[in-house]
Protein chains: 2
Amino acid sequence: MTSSQPANRKSPISSVDRIYQQLKQMAMNYQFRPGEPLNEVELAASFGVSRTPLREVLNRLVAEGLLDFVPRRGFSCRSLDAKMIFDLYEVRCGLEIMSVKLATDRASDLELKHLHQFWQASAQTFMQRSPIECACCDEQFHEQIAALSQNIELLRSLQAINARVHYLRLISMEQAHYRRTTCDEHQLILAALLDRDQELAVTCMSAHVSLRQEQLVEVIKEGIARLYM
Amino acid sequence: MTSSQPANRKSPISSVDRIYQQLKQMAMNYQFRPGEPLNEVELAASFGVSRTPLREVLNRLVAEGLLDFVPRRGFSCRSLDAKMIFDLYEVRCGLEIMSVKLATDRASDLELKHLHQFWQASAQTFMQRSPIECACCDEQFHEQIAALSQNIELLRSLQAINARVHYLRLISMEQAHYRRTTCDEHQLILAALLDRDQELAVTCMSAHVSLRQEQLVEVIKEGIARLYM
DNA sequence: CTTTAGCTTCTTGTATACAAAGCTGCATAC
DNA sequence: GTATGCAGCTTTGTATACAAGAAGCTAAAG
């Protein structure tokens, strides 16, 4: 996902880095209920650290939109608000279109070949995998295309949004139907990219993301239900 | 700019909020040299606080891309890298196009009228104002259009980018030539919006941002020179 | 029975202290 | 003359302590 630095030397992985990864996963997967206040003392104890490094992590996650914060009232799990999700998908759609557009211009043949190989390997076992694995594969596919745009900021923006909608991707991947269409649509996008047919690639990507947007109401409903059962 | 909460009640403005605003301004305007390490003790003292709240602010600014951070080596001013700026402008261009597209669909007549009034008032005195004021006016114009998209996440993304390219906007506004063309181009965008001519609005906005992108090499050169004199 | 005032407790905001890692510079060895 | 290693200083990472604000609870009054 977002992780970057390859543990420069040794592999110290400072404690704040470790709890950042863990808390981020928890926030992405709504392991806290929407709006649930996070008790700093409790959380710190559960990670075996003091409040100081924990708060630094919490601040980072707030800045990334994965947690909420109100002064003097503390940190809490972000809400799962339909309007916000729609907004995120709308922005995502725009970023994805930029990605394919730039990728057709800038990706090398070798890069496209690697993407192709990656997706062939993924698709082969896609229907047998766990929803979590499918969601991650899906994210990787899209983020690899963004990477081919050679625009790091575009990639980072997309990654930030993907982290925030991860939970819903997960929910949708639990239905075989969504998995199948995802698979098919990725193939179309890939084919257009390999042909370097920019217009077609944009059309396919646009259709792909828009379709997900239409299914969003159902997925959000399911996602909220899941949290309260 | 980004600021949000209207000081819920009273006006306590916690110290971390205060130093956040200040440090953000300093980072936006490159009041530290690119790559310059920030001494926590020194900085904390200069703000009259301890390292704890300062570090929370620094972490936030790192997450927003306004500062750099390397574990065990501390915080430093972000670099002023041409490639990064180009990437940001490319993403910005995409977001701005989304903004006008959505704004023509969703803005009410009243909202468009307000935008019109705002820009008329600004344009009148544009050539007499300070570069700082012009840069802020420019940002506001674009952010108001993004707000008309009714998409909060789109607005936030654009604001985040604007904060990161603020310094270069400032530099460019010091030249009367850039100010004039900005003014003219905004008028064109505005006219298209008022006509609700989506295609034209997109064309104008696209031309506007692309033109800035072309001038970017010069502006970056000037910006870097300014920092080392 | 409901409401509110005041007290208690819990939680967050911030300062400070200390440990550990990094950097600098000098001295010694080759 | 260059390189290497060690000592001391600087700076960051994290724990802890304490102050101040919010929340909850009890008790008394209407």
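Residue numbers begin at 1 in each chain, while the letters A, B, ... track the order of the sequences.
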If you look at every strand shown and take non-hydrogen atoms under 4.0 Å, does [X] touch a base, only sugar-phosphate, or nothing?
X       : value
A/Leu38 : sugar-phosphate
B/Phe69 : sugar-phosphate
A/Ile19 : nothing

Using whole Å, what does the distance between atom [atom2] of nucleotide [N] and atom [atom1] of [X] come to?
X       : N      : atom1 : atom2 : result
B/Glu56 : C/dG13 : CD    : C1'   : 8 Å
A/Arg55 : D/dA15 : CZ    : C1'   : 15 Å
A/Asp17 : D/dT14 : CG    : P     : 10 Å
B/Arg60 : C/dG13 : CZ    : P     : 12 Å
B/Asp68 : D/dT12 : CG    : C1'   : 17 Å
A/Asn59 : D/dT14 : CG    : P     : 15 Å
A/Leu58 : D/dT14 : CG    : C1'   : 15 Å
A/Glu36 : C/dT11 : CD    : P     : 13 Å

Item checked: Under the ring-ring contact (aromatic ring centres under 6.0 Å, His included) test, residues paired with A/Phe118 that sit two or more places apart ->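 ring-ring contact (aromatic ring centres under 6.0 Å, His included) list for A/Phe118, sorted by chain: empty.
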Notebook entry, point to check: Does B/Asn59 reach the side chain of A/Val57, with side-chain heavy atoms less than 4.5 Å apart?
Noted result: no
Check: Do A/Glu139 and A/Gln159 have side-chain heavy atoms sitting under 4.5 Å apart?
Finding: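 In short, these two side chains do not touch, never coming nearer than 4.5 Å.
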Note to self: Testing B/His166, B/Arg169, B/Arg179 one by one against B/Asp138 for a side-chain hydrogen bond (donor to acceptor under 3.5 Å, both in side chains), which residue passes?
What the structure shows: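 The single option meeting the side-chain hydrogen bond (donor to acceptor under 3.5 Å, both in side chains) with B/Asp138 is B/Arg169.
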Check: Hey, are B/Arg212 and B/Glu96 close enough for a salt bridge, meaning a charged N less than 4.0 Å from a carboxylate O?
Finding: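 A salt bridge is absent here (no side-chain N lies under 4.0 Å from a carboxylate O).
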Check: Between B/Lys113 and B/Asp109, is there a salt bridge with N-O shorter than 4.0 Å?
Finding: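 Here B/Asp109 does not pair with B/Lys113 in a salt bridge, since their nearest N and O are not under 4.0 Å apart.
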Next item on the list: Kindly point out which of C/dT11, C/dG13, C/dA15 is positioned nearest to the side chain of B/Pro53?
Entry: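 The answer is C/dA15, which lies nearest to the side chain.
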Note to self: Which nucleotide wins on minimum distance to the side chain of B/Glu40, given the candidates D/dA22, D/dT12, C/dG13?
What the structure shows: D/dT12
Enumerate the protein-to-nucleotides 16-20 of chain C contacts in which both atoms are nitrogen or oxygen and the separation is below 3.5 Å.
from: C/dT16; atom 1: O4; to: B/Thr52; atom 2: OG1; distance (Å): 3.2

Item checked: Any residue meeting side-chain hydrogen bond (donor to acceptor under 3.5 Å, both in side chains) with A/Asp68, in chain and number order, not counting sequence neighbours -> none
